[in-house]
Amino acid sequence: MNIVQLIREAVADSIKNLYLESDNNLDFQINQTKPEFEGDYTIVLFSLVKALKKSPEMIGQELGEALIKKNPELFDTFNIIKGFLNLTITDAYWKSLLLKNHNDICFGKQAMNGEKVMVEYSSPNTNKPLHLGHLRNNFLGWSVAEILKASGYEVLKSCIVNDRGIHICKSMIAWQLYADGATPESTHKKGDHFVGDYYVKFNDVYKAQIAELIASGSTEADAEKQAPIMQKTQQMLQDWEAGVPDVMQLWQKMNGWVYEGFDVTYKSIGSNFDKTYYESNTYLLGKDIVQEGLEKKVFYKKEDGSVWIDLTADGLDEKLVLRKDGTSVYITQDIGLAKQKYDEYKIDQSIYVIGDEQNYHMKVLKLIAQKLGLPYADDIYHLSYGMVELPTGKMKSREGTVVDADDIVAEMKATAQQHTETLGKVKDFEANELIDLYETIGLGAMKFYLLRVDPKKKMIFNPEESIDFHGFTGPFIQYTFARINSILRKEPNFKATPSNETFLKLEKEVIYNLEQFGGIIMESAKTLNPSVLANYLFHLSKSFNSFYTEHSIGNAESEDKKNLRIQLSMMTANVLKNGMQLLGINVPNRM
RNA sequence: GGUUCGGUAGCUCAGCUGGAUAGAGCAUCAGCCUUCUAAGCUGAGGGUCAUUGGUUCGAAUCCAAUCCGAAUCACCA
């Protein structure tokens, strides 16, 4: 149990003993005491004033005395300022917390709770390489999965690959028309980039053909339909669905190239999945559910044979769920896949990490599932995140303003190398150690940068100002860890003993922050928000760094002081390392 | 037009289940390396929390209206 919970129970208990006979709990707030006042935690008394019909000062006095009398091991002193009861926690409490947990690598993690969650993220298209937006998605998905694990869930990471459809045929057609047999090998290109180039090529040609048609008198809408390259693409999609061997072969070949490229990218960012779904296998799913919906009269059929659901009563529109030719649409497939996930893994919750542009779609998905009375309907959760934008606006693949994932990762590593070399602290590193280090720092900076802001907000990425390595950044936290490590290396035989020292202000701040780790994990898990954790780790690092500069650890004033400070250092190192791990970020032993 | 989300320091963001004088980082300025790693530490300046009204002991936080921005409202996925 964390300290806020302890305080809450103690206060509730004392209120009951002092003022109430019945069991009705009064609501009160516990805050961290502001630095300008004396104390650790603060009970806000105003909410009690009305119910107890006493002045805040009197409640504070009585409550404070009762708390100390009843819980002398927890509360040391108290003071009352206006309506605030500031409580100081005993050094004994902090010291025993520290002694017990300083070397516990599981500190802050929860026991398994028996629930199973699937987190779906990444969801790439196989017609172009991953970009910065995918990175935010990947890092978020990964981190949320890890955070959920740490708070007691069994987690499955899954990925749905959009490997079929008109957009895939576009790059296939362009390759067929313009590649002249070129391959990733023959051009020395990474497969996903190679295929992506033909997707761009398609759009260039398509645009030119539209312009030509418009110039010769077509309307824009007609031109878009009649452009020869688009017609070929439509034909190819039909051939694909019919299973024409040539087309299937080409499709497999080009997708193979893309997967090779993706593998490299995923490996380089440290991402993987427990289960990968392919849309080419799932796009027919959901049709039986449509039938079921018709029988339950949740759906209805129009004269032309298309099937719809009316969501106007819920403030949405009428949505198509099956085309008149009997083929399924996006939403139908998604309902089918949701069912498959549930049937296959018996999951208690299904989290979809998808951009906020799909808020409407996901709302419809959940609503349809609910109306159909599907058992997992309420457990569908859309973790919606904002787009990554450039200072100039949205990234557009057609305008070449996309920040490529491989490029940015490479750039971050290079920047890490450059910074490190400038500082000149790694002269004794082996070559392969250096490569690891640059990767750890570069990726750490990148991941932290994308995870430190609230996922649901859109964020602006300025490629001109490269990602920082100072201040509120991944490397700052990594550096703090490396410094601690450098101290601990000198104390290989350290064995903690109970301390008789009292905490100095900066020492107290560190243990105070450390205590919160478990609560922070729980909050990040509850809100599916890694930025809570990122902010916490930064805050903890700052507090440790202040302590570190002010007080010597290795040459402490006494052996007992040293014992206490090494415990503080060890526990900080553990929390930083485990916390960063939950963000998908490694920490180096030296940097 | 409907729906949803957002607007806090020059910039990027915390804080939003109402609580004490609104916080970080970057940038700017001034200090700190002969002692555990200066990717660090200490300090200064910088705010009409979009606007207006309401709720209350108390509002950046809740409510309403307005202004600005974004997403979405496809027989695309």
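Treat the numbers as computed from the prediction; the structure is a model and nothing was measured.
Contact annotation for Ser384(A): no contact, since no heavy-atom pair falls under 4.0 Å across all strands. Contact annotation for Asp454(A): backbone-only contact, meaning every heavy-atom pair under 4.0 Å involves sugar-phosphate atoms and none involves a base. Residue contacts shown for Gly471(A) are limited to sugar-phosphate atoms, with no base heavy atom under 4.0 Å away. Phe472(A) comes within 4.0 angstrom of the backbone, heavy atoms only, and of no base. Nucleic acid contact for Ile553(A): base, since at least one base atom lies under 4.0 Å from a heavy atom of the residue. Among the atoms of the strands shown, base atoms are found under 4.0 Å from some heavy atom of Tyr330(A). Residue Asp304(A) is in base contact, counting any heavy-atom pair closer than 4.0 Å across all strands shown. Within 4.0 Å of Asp163(A), counting heavy atoms only, lies no atom of the nucleic acid at all. In this structure, Val44(A) reaches the bases: a heavy-atom distance under 4.0 Å links it to at least one base atom across the strands shown. Residue contacts shown for Met459(A) are limited to sugar-phosphate atoms, with no base heavy atom under 4.0 Å away. No engagement by Thr480(A) is indicated, since no non-hydrogen atom pair under 4.0 Å with the nucleic acid exists. Looking at heavy-atom distances under 4.0 Å, Ile441(A) makes contact with a base. Residue contacts for Phe469(A): at a heavy-atom cut-off of 4.0 Å it reaches a base atom on one of the strands shown. Nucleic acid contact class of His382(A) (heavy atoms, under 4.0 Å, all strands): none.
Partner of Tyr548(A) under the side-chain contact (heavy atoms from CB on, under 4.5 Å) criterion, chosen from Ile484(A), Ile487(A), Leu506(A): Ile487(A).
Of all heavy-atom pairs spanning Gln29(A) and Asn31(A), the tightest one is OE1-OD1, 3.3 Å.
The gap from the C1' atom of rG23(B) to that of rA14(B) amounts to 7 Å, rounded to the nearest Å. The separation of rU66(B) from rG7(B), taken at their C1' atoms, amounts to 14 Å, rounded to a whole angstrom. Across the P atoms, rA50(B) and rA60(B) are found 10 Å apart, a figure rounded to whole Å. Using C1' as the reference atom, rA30(B) and rU35(B) are 25 Å apart when rounded to the nearest Å. Of the P atoms belonging to rU3(B) and rA74(B), the separation is 16 Å, rounded to the nearest Å. rC62(B) and rG19(B) have their P atoms separated by 10 Å, given to the nearest Å. Comparing the P positions of rC11(B) and rG47(B) gives a spacing of 13 Å, expressed to the nearest Å. The C1' atoms of rC68(B) and rU8(B) are separated by 15 Å, rounded to the nearest whole Å.
In this structure, Tyr330(A) and His361(A) have parallel ring planes: the angle between them is below the 30° cut-off, well short of the 60° mark. Classification of the Phe544(A)-Phe547(A) ring pair by plane angle, with boundaries at 30° and 60°, yields perpendicular.
Of the N and O atoms on the side chains of Gln235(A) and Gln231(A), not one donor lies less than 3.5 Å from an acceptor on the other residue. Under 3.5 Å, the side chains of Asn589(A) and Arg489(A) contain no donor-acceptor pair of N or O atoms. Judged purely by distance below 3.5 Å, without hydrogens or angles, the side chains of Asn545(A) and Thr480(A) pair a donor atom with an acceptor atom. Under the 3.5 Å distance criterion, with hydrogens and angles disregarded, no donor-acceptor pair is assigned to the side chains of Ser171(A) and Asn127(A). A side-chain donor from one of Asn359(A) and Ser384(A) sits under 3.5 Å from a side-chain acceptor of the other.
Scanning RNA chain B 5' to 3' for nucleotides with an atom closer than 4.0 angstrom to a non-hydrogen atom of chain A gives a first and last hit of rU3(B) to rA77(B).
For rC33(B), the glycosidic angle deviates from 0 by 90° or less, giving a syn base.
Stem regions for RNA chain B, each three or more consecutive Watson-Crick or G-U pairs with both distances under 3.5 Å and listed by first number, read B:1-7 with B:67-73, B:10-13 with B:23-26, B:28-32 with B:40-44, B:50-54 with B:62-66.
Listed by residue number, Lys542(A), Asn545(A), Ser546(A), Tyr548(A), Thr549(A) are the residues of residues 540-550 of chain A with a heavy-atom contact under 4.0 Å to RNA chain B.
For the pair Met591(A) and Leu437(A), the minimum side-chain heavy-atom distance is below 4.5 Å.
Nearer the 5' end of RNA chain B, as judged by each residue's closest nucleotide, is the contact made by Pro455(A), out of Pro455(A) and Asp356(A). Toward the 5′ end of RNA chain B lies the nearest nucleotide of Lys456(A), the other residue of the pair Lys456(A) and His419(A) mapping further downstream.
Under the 6.0 Å cut-off for aromatic ring centres, Tyr199(A) and Phe202(A) do not qualify, their centroids lying 6.0 Å or more apart. In summary, the aromatic rings of Phe461(A) and Tyr449(A) are positioned with their centroids under 6.0 Å apart. Tyr283(A) and Trp240(A) have their aromatic ring centers within a separation under 6.0 angstrom.
Both cation-pi conditions hold for Arg452(A) and Phe472(A): the charged atom is under 6.0 angstrom from the six-membered ring centre and inside a 45 degree cone around its axis.
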